[in-house]
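Only one structure is covered here, and it is reproduced in the block below.
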Amino acid sequence: FETALAEVHRGKLDTYWQWYMLPTGPLFVNGVEKGSETTRYFVLRSDEAVAAYLKFPPQKVPIDANGHRTEEQNCTTIATVDLRGNYLRMTQEILSQLQGGNTLR
């Protein structure tokens, strides 16, 4: 999350994180669902799914020295993942960038 937030703060997106950080509803064109397999995997398909995403309680997650999720026996630290908090922080930073005239390309 911090890497993605830093990219938005710099005003330049270098990695692909949008589909899991900012989930959306499905995109249909002429009745056919579009988007990559990853995008379709992270789609929120109902009001209940959106509510669950935003209400999901913060979780303790073991991470390795590179900041990747790992098995607990391989972890170097425990991070707290807060989907709702991260979503709000990210959307606030995106809004700030857009208000400043940055299109985030």
Side-chain angles (χ1 to χ4, degrees):
F1 172 78
E2 296 302 330
T3 299
L5 188 63
E7 287 181 16
V8 173
H9 188 73
R10 283 192 317 270
K12 186 171 185 315
L13 307 183
D14 297 316
T15 58
Y16 299 96
W17 48 263
Q18 296 85 352
W19 32 259
Y20 69 88
M21 193 71 60
L22 302 169
T24 64
L27 170 65
F28 287 93
V29 176
N30 298 323
V32 177
E33 186 172 357
K34 298 293 184 176
S36 69
E37 183 178 327
T38 303
T39 298
R40 290 192 309 268
Y41 178 82
F42 285 101
V43 161
L44 299 178
R45 298 185 180 277
S46 67
D47 291 345
E48 292 79 16
V50 172
Y53 177 85
L54 293 174
K55 291 179 182 176
F56 195 77
Q59 303 287 307
K60 301 288 186 188
V61 177
I63 59 172
D64 64 19
N66 296 316
H68 300 111
R69 186 176 186 148
T70 188
E71 299 298 321
E72 206 158 325
Q73 68 268 19
N74 300 326
C75 80
T76 56
T77 190
I78 302 291
T80 299
V81 176
D82 178 2
L83 295 178
R84 182 179 187 278
N86 289 351
Y87 178 84
L88 293 174
R89 285 178 62 200
M90 184 62 72
T91 55
Q92 288 167 350
E93 184 61 34
I94 290 169
L95 177 62
S96 176
Q97 289 293 321
L98 293 173
Q99 287 174 332
N102 191 330
T103 59
L104 295 172
R105 295 199 185 266

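Not measured: the values here are computed from a predicted model. Nothing fancy with the numbering, it's 1 onward along the sequence.
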| request: Check whether any side-chain heavy atom of Val81 sits under 4.5 Å from a side-chain heavy atom of Arg69, and report yes or no. | output: no
| Shortest non-hydrogen separation from Pro62 to Ile78 and the atoms involved | CA-CD1, 3.8 Å
| query | Would you call Leu44 and Val50 a side-chain contact if the rule is heavy atoms closer than 4.5 Å? | reply | yes
| Atom pair CG/OG1 of Asn86 and Thr80 - distance to nearest 0.5 Å | 10.0 Å
| query | Side chains of Leu22 and Ile94: closer than 4.5 Å at any heavy-atom pair? | reply | yes
| note | For Met90 and Trp17 the tightest heavy-atom approach is SD-CH2, 3.8 Å
| request: State whether the side chain of Gln59 and the backbone N or O of Pro57 hold a donor-acceptor pair below 3.5 Å, judged by distance alone. | output: yes
| request: First locate atom CZ of Phe1, then atom CG of Leu83, and finally report the distance between them rounded to the nearest 0.5 Å. | output: 10.5 Å
| Okay, side chain of Ser96, backbone of Gln92: is any donor-acceptor separation there less than 3.5 Å? | no
| task | Heavy atoms only: give me the nearest Asp14-Glu7 pair and the separation to one decimal. | result | N-OE1, 2.9 Å
| said: If the threshold is 4.0 Å, N to carboxylate O, is there a salt bridge linking Lys55 and Glu48? | reply: no
| query | So with a 6.0 Å cut-off around CZ of Phe42, is the heavy-atom count from everything else above 12? | reply | yes
| task | Could you grab the distance from atom CG of Leu98 to atom CD of Glu93, nearest 0.5 Å is fine? | result | 10.0 Å
| message | Tell me the closest heavy-atom pair linking Ala4 and Met21, and the distance in Å. | response | CB-CE, 4.2 Å
| Near Glu71 CD, under 6.0 Å, is it more than 12 heavy atoms from other residues, nucleotides or ligands? | no
| query | Looking only at heavy atoms, what is the nearest atom pair of Val43 and Gly25, with distance? | reply | CG1-C, 3.7 Å
| Can you name the nearest heavy-atom pair linking Glu33 to Arg40, along with the distance? | OE2-CG, 3.5 Å
| Atom CZ of Arg45: over 12 foreign heavy atoms under 6.0 Å | yes
| request: Please examine the side chains of Thr91 and Tyr87, heavy atoms only from C-beta on, and report whether any two atoms are closer than 4.5 Å. | output: yes
| message | Looking at Arg10, I'd like to know if its CZ atom is crowded, meaning that more than 12 non-hydrogen atoms belonging to other residues, nucleotides or ligands lie closer than 6.0 Å. | response | yes
| query | In terms of heavy-atom contacts, does OH of Tyr53 have more than 12 from other residues, nucleotides or ligands at under 6.0 Å? | reply | yes
